[in-house]
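Taking it in order: structure first as structure tokens, then the write-up.
What you see is a predicted model; the values in this text were computed from it and never measured. Letters go in sequence order (proteins before strands), and every chain restarts at 1.
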Amino acid sequence: MKGKKVPVSFFTRPDVAIIAKELLGKCLATNFDGNLTVLRIVESEAYNGAIDKASHAFNNRKTNRTKVMYEKGGTAYVYLCYGLHQMFNIVTNIENIPHAILIRGGEPVSGISIMALRANKKVSDTSIGRGPGNVCKALGIHTGHSGISVNSEEIFIYDDDVKIKNKDIGISPRIGVDYSGDDALLPYRFYIKGNAHVSGKWRK
DNA sequence: TCGGCGATTAGCT
DNA sequence: GCTAATCGCCGAG
């Protein structure tokens, strides 16, 4: 791996949408059992805590599952959806403010053959890392990793100085959150335009 | 304690 | 385009 780890202070800043946008182009790496796998983040979504109906922590809802979102920025929040897909989020802001960023898509950078094996796909398959469930499958992340730091030995983010130009960044409403009324329209999804590893699928 | 449902995906048609 | 798969979470009772 080349480049430097993103410090925890990157995630403890107050504006979750800016952090989500700045994550584009950075690398998300996992290192389980000596198997290093890396995806470059190409799609992300911001969840704005207590005032965001689409967030699990809306209205400061705090349960056994969501309590991880109240940790300080830089903590991983992983949960199971539809009984079979795991979603990987990064908690942001300071302690007790439950902001989070969902990683929705990534381009394979390193450990590609391992990721293909985990996903039961070919190395050339661009659907590895496209969609939040696939990101977790490729990187080997599961709900047991919820609560650990994203600046740890097992999971970390690093910056290898790949710069994404503003004109190459697309912004849109979030996917799959129709149930959240007006908040479903918020422009909290960020992606790299034209990248093959961005999930383009819209619900309904 | 119980029952409905979800920040989705893959595989058909 | 449509839908089954599949199970932990959470609010109601």
Side-chain angles (χ1 to χ4, degrees), chain A residues 11 16-17 19-21 23-24 28 39 41-71 73 75-93 97-108 115-147 150 155 170-191 195-204:
Chain A
F11 299 105
V16 64
I19 300 172
K21 183 176 163 188
L23 276 175
L24 296 180
L28 170 61
L39 290 177
I41 298 168
V42 299
E43 186 181 1
S44 63
E45 282 182 5
Y47 284 83
N48 197 17
I51 60 167
D52 183 352
K53 289 198 195 75
S55 170
H56 292 157
F58 173 63
N59 207 15
N60 277 317
R61 188 168 52 158
K62 193 169 186 177
T63 66
N64 212 36
R65 177 177 63 153
T66 61
K67 65 183 180 190
V68 171
M69 299 177 80
Y70 294 80
E71 301 279 325
T75 302
Y77 169 48
V78 187
Y79 76 97
L80 190 69
C81 187
Y82 293 98
L84 57 159
H85 302 297
Q86 339 241 355
M87 308 278 170
F88 173 74
N89 300 249
I90 302 169
V91 176
T92 69
N93 215 311
I97 301 186
H99 289 184
I101 297 168
L102 171 67
I103 305 302
R104 291 192 56 89
E107 176 181 339
M115 293 193 280
L117 194 65
R118 283 175 181 155
N120 206 13
K121 287 173 179 166
K122 291 180 181 166
V123 169
S124 58
D125 191 333
T126 56
S127 76
I128 294 173
R130 180 167 60 210
N134 289 328
V135 167
C136 286
K137 198 190 278 182
L139 291 175
I141 295 172
H142 58 78
T143 54
H145 299 118
S146 196
V150 297
I155 302 179
I171 301 177
S172 82
R174 292 168 295 184
I175 293 177
V177 294
D178 291 346
Y179 59 86
S180 56
D182 293 345
D183 289 338
L185 304 175
L186 292 170
Y188 280 174
R189 174 172 174 258
F190 304 91
Y191 59 96
N195 188 290
H197 302 86
V198 172
S199 69
K201 226 169 149 182
W202 286 73
R203 306 274 103 203
K204 295 185 198 165

What's the separation between atom [atom1] in [X] and atom [atom2] in [Y], rounded to the nearest 0.5 Å?
| X | Y | atom1 | atom2 | value |
| --- | --- | --- | --- | --- |
| A/Phe58 | A/Ile51 | CZ | CD1 | 9.5 Å |
| A/His56 | A/Thr63 | NE2 | OG1 | 9.5 Å |
| A/Ile41 | A/Arg104 | CD1 | CZ | 13.5 Å |
| A/Lys67 | A/Lys62 | NZ | NZ | 9.0 Å |
| A/Asn89 | A/Ser146 | CG | OG | 8.5 Å |

| task | Verify side chain to side chain contact (heavy atoms under 4.5 Å, CB included) between A/Leu186 and A/Asn48, making sure each step is shown before the conclusion. | result | CA-CA 10 Å; A/Leu186 292 170; A/Asn48 197 17; 5.9 Å; no
| request: Start with the C-alpha distance between A/Thr75 and A/Phe11, add both sets of side-chain angles, then the distance that settles side chain to side chain contact (heavy atoms under 4.5 Å, CB included), and finish with yes or no. | output: CA-CA 9 Å; A/Thr75 302; A/Phe11 299 105; over 6 Å; no
| request: Side chain of A/Tyr82 only, please: which of B/dG6, B/dT9, B/dA7 is the nearest? | output: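 Of the candidates, B/dG6 comes closest.
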| request: Kindly point out which of B/dG6, C/dT6, B/dA10 is positioned nearest to the side chain of A/Cys81? | output: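 Given the options B/dG6, C/dT6, B/dA10, the side chain of A/Cys81 is closest to B/dG6.
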| Below 4.0 Å: OP1/OP2 of B/dT8 and any side-chain N or O of A/Lys137 |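 So the side chain of A/Lys137 is outside the cut-off, no N or O lying under 4.0 Å from OP1 or OP2 of B/dT8.
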| query | For B/dA7, does either OP1 or OP2 sit under 4.0 Å from a side-chain N or O belonging to A/Tyr188? | reply |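 Answer is no, no contact under 4.0 Å.
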| query | Is the backbone N or O of A/Val16 less than 3.5 Å from a side-chain atom of A/Thr92, with the two atoms forming a donor-acceptor pair by type? | reply |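 The answer is no, because no donor-acceptor pair under 3.5 Å joins these two groups.
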| query | So, A/Arg118 side chain and A/Leu139 main chain: donor-acceptor pair closer than 3.5 Å or not? | reply |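 The answer is yes, because a donor-acceptor pair under 3.5 Å joins these two groups.
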May I have the distance from [X] (atom [atom1]) to [N] (atom [atom2]), rounded to whole angstrom?
| X | N | atom1 | atom2 | result |
| --- | --- | --- | --- | --- |
| A/His85 | B/dA10 | NE2 | P | 7 Å |
| A/Phe58 | B/dA7 | CZ | C1' | 16 Å |
| A/Asn120 | B/dG11 | CG | P | 9 Å |
| A/Leu84 | B/dG11 | CG | C1' | 14 Å |
| A/Lys121 | B/dG11 | NZ | C1' | 12 Å |
| A/Gln86 | C/dT6 | CD | C1' | 13 Å |
| A/His142 | C/dC7 | NE2 | P | 16 Å |

| task | Identify whether any heavy atom of A/Lys53 sits under 4.0 Å from a base atom; if not, whether one sits that close to sugar-phosphate; answer base, sugar-phosphate or nothing. | result |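 If one applies the 4.0 Å heavy-atom cut-off, A/Lys53 turns out to touch nothing in the nucleic acid.
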| request: Classify the nucleic acid contact of A/Asn89 as base, sugar-phosphate or nothing, counting any heavy atom under 4.0 Å across all strands shown. | output: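 If one applies the 4.0 Å heavy-atom cut-off, A/Asn89 turns out to touch a base.
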| field | Secondary-structure stems for DNA chain C, with pairs counted as Watson-Crick or G-U when both distances are under 3.5 Å and runs at least 3 long | value |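 Counting only runs of 3 or more consecutive pairs, the stems involving DNA chain C are B:1-6 with C:7-12, B:8-12 with C:1-5.
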| said: Using the P atom as the point on both nucleotides, what is the distance between B/dC2 and C/dT6, in whole Å? | reply: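 Each nucleotide's P atom is 23 Å from the other's.
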| message | Roughly how many Å apart are C/dG1 and B/dA7, using the C1' atom of each and rounding to a whole number? | response |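 Each nucleotide's C1' atom is 22 Å from the other's.
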| message | Quick test of the criterion, 5.5 Å between centres and less than 30° between planes. Is A/Tyr179 stacked on B/dG6 or not? | response |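 A stacking contact does not exist, since A/Tyr179 is not both close and nearly parallel to the base ring of B/dG6.
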| field | Non-neighbouring partners of A/His145 that pass ring pair (Phe, Tyr, Trp, His ring centres under 6.0 Å), sequence neighbours left out | value |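 Only A/Phe32, A/His142 meet the ring pair (Phe, Tyr, Trp, His ring centres under 6.0 Å) criterion with A/His145.
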| message | Taking the nucleotide of DNA chain B with the nearest heavy atom to each, does A/Ser55 or A/Ser127 sit closer to the 5' end? | response |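 The answer here is A/Ser55.
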Table of protein N/O atoms under 3.5 Å from nucleotides 8-10 of chain C N/O atoms:
unit_1 : atom_1 : unit_2  : atom_2 : d
C/dC9  : O3'    : A/Arg65 : NE     : 3.2
C/dC10 : OP1    : A/Thr63 : OG1    : 2.8
C/dC10 : OP1    : A/Arg65 : NE     : 3.2
C/dC10 : OP2    : A/Thr63 : OG1    : 2.9

